[in-house]
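The structure appears below as structure tokens.
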Amino acid sequence: MKRLLWLIFAMTLLGSCLLGSTVIHPFNLTAVERDILFGLRLPRVLFSAVIGAMLGLSGSVYQLTLKNPLADSFTTGAASSAALGAVLAIALGIPLPLVPLVALLTGLGGLLLVYRLARQEGFINPVNMILAGIVMNIVASAVISFAKYYFEDSLSSIVFWLMGGFFVVDWGKLLVCLPVFAAAYLLFARRALQLNLLALDEHSAQSLGVNVHRLRSFAFVVATLLVAVAVSHTGIIGFVGLIVPHICRSLFGSDMRHNLFYSSLLGALLLMAADTLARTIIPGGAELPVGIITALLGGGFFLYLLQTRREGFWHG
Amino acid sequence: MKRLLWLIFAMTLLGSCLLGSTVIHPFNLTAVERDILFGLRLPRVLFSAVIGAMLGLSGSVYQLTLKNPLADSFTTGAASSAALGAVLAIALGIPLPLVPLVALLTGLGGLLLVYRLARQEGFINPVNMILAGIVMNIVASAVISFAKYYFEDSLSSIVFWLMGGFFVVDWGKLLVCLPVFAAAYLLFARRALQLNLLALDEHSAQSLGVNVHRLRSFAFVVATLLVAVAVSHTGIIGFVGLIVPHICRSLFGSDMRHNLFYSSLLGALLLMAADTLARTIIPGGAELPVGIITALLGGGFFLYLLQTRREGFWHG
Amino acid sequence: MAELRVDKLRFRRGGFSLELDGLRIAPGEKVAILGENGCGKSTLLQLLAGLLPPDGGTLSYAGKPLKKIPMARRAQLFALLPQFSEVIFPFSVFEVVLFGRFPHRQGNAFTAADRQLSKEMLALLDLSDLAERPFSQLSGGEKRRVMLARVLNQQAPLLYLDEPNAGLDIRHALEIFSLLRERTETIVAPVHDINLAHRFFERFLLLKNGRLLADVPRDELTPELLAETYDVQVATGTAAFLFQH
Amino acid sequence: MAELRVDKLRFRRGGFSLELDGLRIAPGEKVAILGENGCGKSTLLQLLAGLLPPDGGTLSYAGKPLKKIPMARRAQLFALLPQFSEVIFPFSVFEVVLFGRFPHRQGNAFTAADRQLSKEMLALLDLSDLAERPFSQLSGGEKRRVMLARVLNQQAPLLYLDEPNAGLDIRHALEIFSLLRERTETIVAPVHDINLAHRFFERFLLLKNGRLLADVPRDELTPELLAETYDVQVATGTAAFLFQH
Amino acid sequence: AKRIVLLAPAAGDILLKLGAEDQVVGVTRSLREFPRARRVGSHIRPNLEIIRSLAPDLLIISSNRFFSEQMAAVVGAPVFTYHPRTLDEILQQIGELAALLDKMDAGRQLIARQQQKLAAIKPLATSPKVIFEVTAMPLMVAGSSNIVADIVARAGGVLLAPGRRKLVRFNPESVLAHQPDIYIYQVGPMNQNPIPPGKRGPLNRLRARFLRVDELQFSRANTRSFDNVLMLNRYFREANNG
Ligand SMILES: Nc1ncnc2c1ncn2[C@@H]1O[C@H](COP(=O)(O)OP(=O)(O)OP(=O)(O)O)[C@@H](O)[C@H]1O
Ligand SMILES: Nc1ncnc2c1ncn2[C@@H]1O[C@H](COP(=O)(O)OP(=O)(O)OP(=O)(O)O)[C@@H](O)[C@H]1O
Ligand SMILES: [Mg+2]
Ligand SMILES: [Mg+2]
């Protein structure tokens with residue numbers, strides 16, 4: 001199963017590199033083709049895979065730490081607070097390369113706020129995290145709406161940025177995101193066993209030697225960082241973080257050691273395939289926003305699983 | 001407490017009628033002023049109150065039936081499926097008075113789909129409702145994104161419509177929405193005792209004589225109808241349905257007999273006040289999207305409660 | 001006559017199957033269900049209460065098939081204490097107990113009489129001090145007693161109590177069992193404490209692997225039967241504490 | 001010496017307060033905590049296990065203050081069976097039991113030895129047939145046994161078991177209690193079944209309203225003491241079934 | 001510039017009139033006037049790969065600054081932003097474009113032709129108060145930085161512009177309170193099938209003339225804007241005469 005998935009992944013990667021609005025002859029590259037392949041397409045394909053992996057991974061962790069099947073980067077306020085910075089940066093005309101930085105900063109700010117709100121007498125519990133996330137999400141979304149309204153000249157830029165996508169990718173961005181993902185993945189994977197225990201009640205987990213509050217805080221902070229980095233580079237790509245972990249739990253079991261891995265892999269696969277479709281499906285070079293394809297591919301598969309193997313999703 | 005709230009409500013109502021981009025002298029109405037007051041302002045104020053009440057009421061019911069503090073008209077897919085119709089209608093240039101109708105139709109379609117997906121061997125349980133709602137939300141949002149993308153000339157209309165607000169209000173619309181709200185409120189209020197029992201586990205509730213599956217289906221359908229009607233007339237006004245029920249539970253206890261009432265009243269109050277601010281805060285007749293004010297007022301109050309009386313929110 | 005009749009009941013779920021060929025429970029009988037973990041006690045109770053649809057066979061109460069009795073009416077006939085219960089909103093103890101009056105509500109509000117009854121029920125179960133406490137802030141046994149109070153408050157003539165003494169201390173267990181014994185309700189209750197069951201119940205259904213091993217009155221509950229049911233050695237008459245209410 | 005020491009422990013929550021002036025529990029002791037519902041047994045256990053911060057007083061294990069023992073180390077010293085437990089994801093029984101090996105993990109995976117031990121633990125608790133079943137599809141007593149298996153799998157020298165026999169049938173209760181009696185671990189366990197506790201435990205803490213009423217060995221557990229603890233009348237030596245493993 | 005990628009639809013008209021049709025190698029999908037150019041996606045979301053494969057030496061973009069700059073950096077071609085807010089700026093940008101395209105003569109002629117159109121404007125006795133509806137639902141009207149504001153002003157009217165923005169979300173009751181003389185509403189992709197304002201509930205009390213215009217004629221700031229000035233000027237005069 002794992003090998004099959006890797007195979008599919010590799011084939012999708014290859015296909016994504018060769019398909020596109022301009023044809024590429026792999027054995028007979030012209031200079032322009034090489035330019036397009038290595039300068040534009042390959043980084044974009046890899047980037048979409050990394051972002052997909054980031055979103056899948058963060059969703060997997062959020063659902064566990066918040067103990068809620070509806071938890072994702074939206075409900076925790078992480079996506080909106082990062083998006084807020086980007087929107088303001090775009091609206092205020094801050095130079096391009098700084099936009100992800102500003103987004104990251106507001107994302108971190110949001111994280112801090114949610115974290116402070118969720119803590120109660122030093123403890124952090126799922127219900128409080130949810131309530132605090134709601135607050136953050138409300139406030140950030142309100143400010144984003146205001147920016148859309150107030151900076152009307154930037155409205156279309158803002159809306160399309162928010163829609164998310166891999167617009168202009170260079171190796172530099174990839175060099176930022178890949179290490180962030182790799183670091184986060186390693187940090188989580190090293191704690192996969194402990195993370196599993198968060199599915200138990202707090203006392204059981206704690207008496208097994210897991211510092212539940214610290215682990216929850218840690219997982220929350222790292223997942224939010226992932227989301228902030230992803231959102232700051234690509235805008236809001238919804239639902240990947242929500243459905244991919246459910247799909248993986250249903251297919252590969254609840255064990256977080258698998259869920260972390262498969263959520264990343266399936267997230268990468270989904271986003272890579274969706275982006276390839278998004279840029280090739282309409283003849284004439286027009287691109288669909290990737291979120292549309294993601295939703296249709298992912299949503300369709302989720303629907304199929306929901307019809308066929310409902311038990312594996314969530315206890316209840 | 002109840003009396004105080006009614007008093008505040010009445011005062012807000014009065015204030016909302018007198019405040020606006022044109023000053024109204026209540027004891028000395030000119031013809032134009034009378035025209036504005038009775039033809040435009042009063043219906044709008046009342047309409048905002050009714051919509052607020054609808055959203056608050058539906059949120060209160062959703063959180064109970066889905067047993068999830070994150071449940072609202074978004075997570076159930078109700079808002080997006082209704083918005084979908086409106087967006088398509090706007091984009092395709094269907095005459096404006098028909099937009100709410102189309103929205104209502106897609107809203108009902110979405111409701112049917114979610115309902116069918118959530119049923120499993122004739123039963124309907126919260127986790128399935130949540131998963132089905134996720135699917136609906138994904139699909140509807142994807143199609144909305146596609147419409148934004150494909151009909152880019154209608155982008156600003158779509159975006160501003162989605163942002164929500166009380167655009168063109170006449171007594172006719174009020175005459176549609178008020179009875180819908182009243183009917184739904186009565187239907188719920190008559191079942192308030194039974195609804196309370198949904199907070200218990202399924203077996204306890206059922207053995208107390210509540211047909212849990214039927215009641216859940218009923219509550220879900222009526223709440224979704226409310227949302228579909230509200231969204232179809234005013235676009236998406238977020239968070240009212242999410243935070244108002246939490247605030248009311250925290251202030252007035254968990255009993256659904258109170259929660260239904262106060263969620264409606266507070267929803268009405270919040271939206272009425274927010275709309276009044278939205279249309280008066282910028283001098284010169286320009287309007288802010290009401291969602292911004294709603295989020296700031298409601299979110300602020302929620303934050304305050306979260307800091308001071310966390311226990312009353314949700315068991316856990 | 002408000003008799004409970006079970007005929008050729010069949011139910012399967014996963015690898016587990018339950019079969020019960022015939023059972024009559026007369027009004028006022030106090031029936032304990034004994035059997036080891038996973039033998040199907042809770043499942044049987046849920047079937048009897050109409051919460052699980054059987055795969056075959058018929059259930060009837062007072063001559064009327066259970067299927068034909070509307071759910072609202074059932075609640076006036078049977079009350080169920082599930083093995084596990086939950087309350088997601090921060091309701092108070094009093095509110096939870098008051099829920100028990102739901103099947104007898106008049107209109108859409110509880111009457112003063114309902115409140116009065118609930119208060120008495122709280123007193124009966126030694127919960128008066130906890131009336132205003134949020135349900136979530138109780139100890140395990142206190143929660144269980146609240147749920148019992150809710151069930152008794154339902155005033156149904158037939159009570160299904162899934163391990164009514166689970167988590168209760170000995171005084172409360174005794175109080176509640178003697179209370180139950182003196183009441184006129186029919187009681188069907190899986191119990192794990194056999195000595196307690198033996199003292200307070202008069203009829204015993206011995207269940208094993210989803211089959212009825214025996215259906216005996218108190219004086220026929222022999223050590224041999226118990227040994228067969230539980231696969232343990234049983235003796236009688238050995239020294240032990242005896243608690244008296 | 002791996003002794004558990006408690007000095008001047010103070011804790012309050014809402015209207016409830018717990019005070020324990022001094023307590024020593026020696027390695028290998030089997031201590032039952034007796035007391036009525038809400039007297040603070042579970043709270044005490046959580047305090048001893050370091051899950052609740054006390055408002056005053058000190059707790060130490062093997063001469064070391066509990067606060068100074070890092071959480072990961074604690075899990076190798078104490079294991080806790082909470083009164084209620086939950087699992088939100090559809091984990092299998094085997095996976096849940098394997099979790100018990102967490103404190104002894106090497107690196108980030110369970111070893112073959114861990115799996116082997118877990119299998120043995122499943123066999124010990126009569127759960128082998130259920131190994132692949134999702135935890136959520138078990139009966140109440142089966143769930144409880146799975147959690148016990150998880151706790152024993154932790155191989156800690158000090159076990160806090162909150163009502164270890166709750167929901168267990170008599171055979172499994174006996175099996176598990178005799179198993180526990182023969183092991184070398186220190187055991188501290190609130191128990192409601194006093195006769196069972198009396199047979200298998202050697203020391204008794206009698207708790208009432210958050211205060212220690214008595215701390216006695218088995219032969220000093222008199223009917224009078226029990227009567228005072230539970231406010232019931234207690235006699236001895238009356239006829240009852242005696243179950244033998 | 002010999003290989004132009006045109007991402008600002010409004011500038012299409014000017015390039016045609018400057019006779020630069022053959023220099024345009026890529027256009028967005030909404031421009032149908034350049035049949036030989038390749039489609040490079042929509043103006044908000046152009047396709048980078050195609051643009052780069054066209055090897056352009058000039059990008060003409062509209063106000064979508066954020067993505068355009070980013071894109072230019074990747075494509076490596078100079079960028080011209082076409083974003084005039086007034087008639088004077090249109091003329092100025094025509095001149096700049098002409099210079100870039102090496103069509104100075106054509107540019108001068110084009111500018112002169114537009115100035116001629118303006119010369120035909122006749123003064124009005126009184127300036128009508130004008131509201132310009134961009135979309136009916138939600139009600140949004142043109143603000144003072146919209147090209148419409150300058151068109152109306154040049155035609156002799158006063159645009160009731162409630163804010164220094166292009167679009168303002170407006171309050172129907174404020175329309176009543178401002179009592180405009182002329183209510184212009186555009187019909188087109190942004191405002192499809194609006195009910196004529198005179199028949200709309202809140203506005204039917206308004207004593208104003210209602211003028212329906214074509215969105216595609218009005219929303220793009222180019223040479224057509226000058227024709228619009230003449231048209232409105234004529235209309236205002238008729239209105240003043242009853
Ligand atoms: N979260 C809480 N907040 C406030 N009070 C609590 C909370 N949990 C328990 N209590 C109270 O603390 C006291 C001790 O509770 P504890 O759970 O320790 O009792 P216990 O001896 O274990 O009882 P049981 O036999 O029912 O399990 C009780 O009076 C209970 O009502
Ligand atoms: N949801 C479920 N899906 C599949 N099998 C189940 C489910 N719930 C229970 N079972 C199985 O059905 C059988 C009977 O369960 P039941 O809960 O009736 O046992 P019980 O006699 O009440 O046991 P206990 O004494 O432990 O409460 C058990 O073998 C159990 O594993
Ligand atoms: Mg059971
Ligand atoms: Mg306890």
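Below, chains carry the letters A, B, ... as their sequence lines are ordered, and counting in each starts from 1. This is a predicted model, so every value here is computed, not measured.
Residue A:Tyr150 qualifies as open at atom OH: its count of foreign heavy atoms under 6.0 Å is 12 or below.
Looking only at heavy-atom pairs under 4.5 Å with chain B, the residue among A:Thr294, A:Ile144, A:Ile292, A:Thr75 that has the most is A:Ile292. Across A:Leu66, A:Val139, A:Ile134, the residue that shares the most heavy-atom pairs under 4.5 angstrom with chain B is A:Ile134.
The contact between B:Ser141 and chain A is made entirely by side chain atoms (from C-beta outward), counting heavy-atom distances below 4.5 Å. With a 4.5 angstrom heavy-atom cutoff, B:Ile243 touches chain A only via side-chain atoms. Only the side chain of B:Leu242 comes within contact range of chain A, judged by heavy atoms closer than 4.5 Å.
Of the inter-residue distances, the one linking B:Lys148 atom NZ with A:Leu162 atom CG reads 8.0 Å to the nearest 0.5 angstrom. Within the model, atoms CD1 of A:Ile293 and CZ of B:Phe146 stand 9.0 Å from one another, a figure rounded to the nearest 0.5 Å. Interatomic distance, B:Ile130 CD1 to A:His246 NE2, rounded to the nearest 0.5 Å: 8.5 Å.
For the pair A:Phe302/B:Leu131, a side-chain contact is recorded, criterion being any heavy-atom separation below 4.5 Å from C-beta on. Annotation: side chain of B:Asn68 is in contact with side chain of A:Pro69 (closest heavy-atom distance under 4.5 Å).
The two residues B:Ile138 and A:Gly299 come nearest to each other via the heavy atoms CG2-CA, 4.2 Å.
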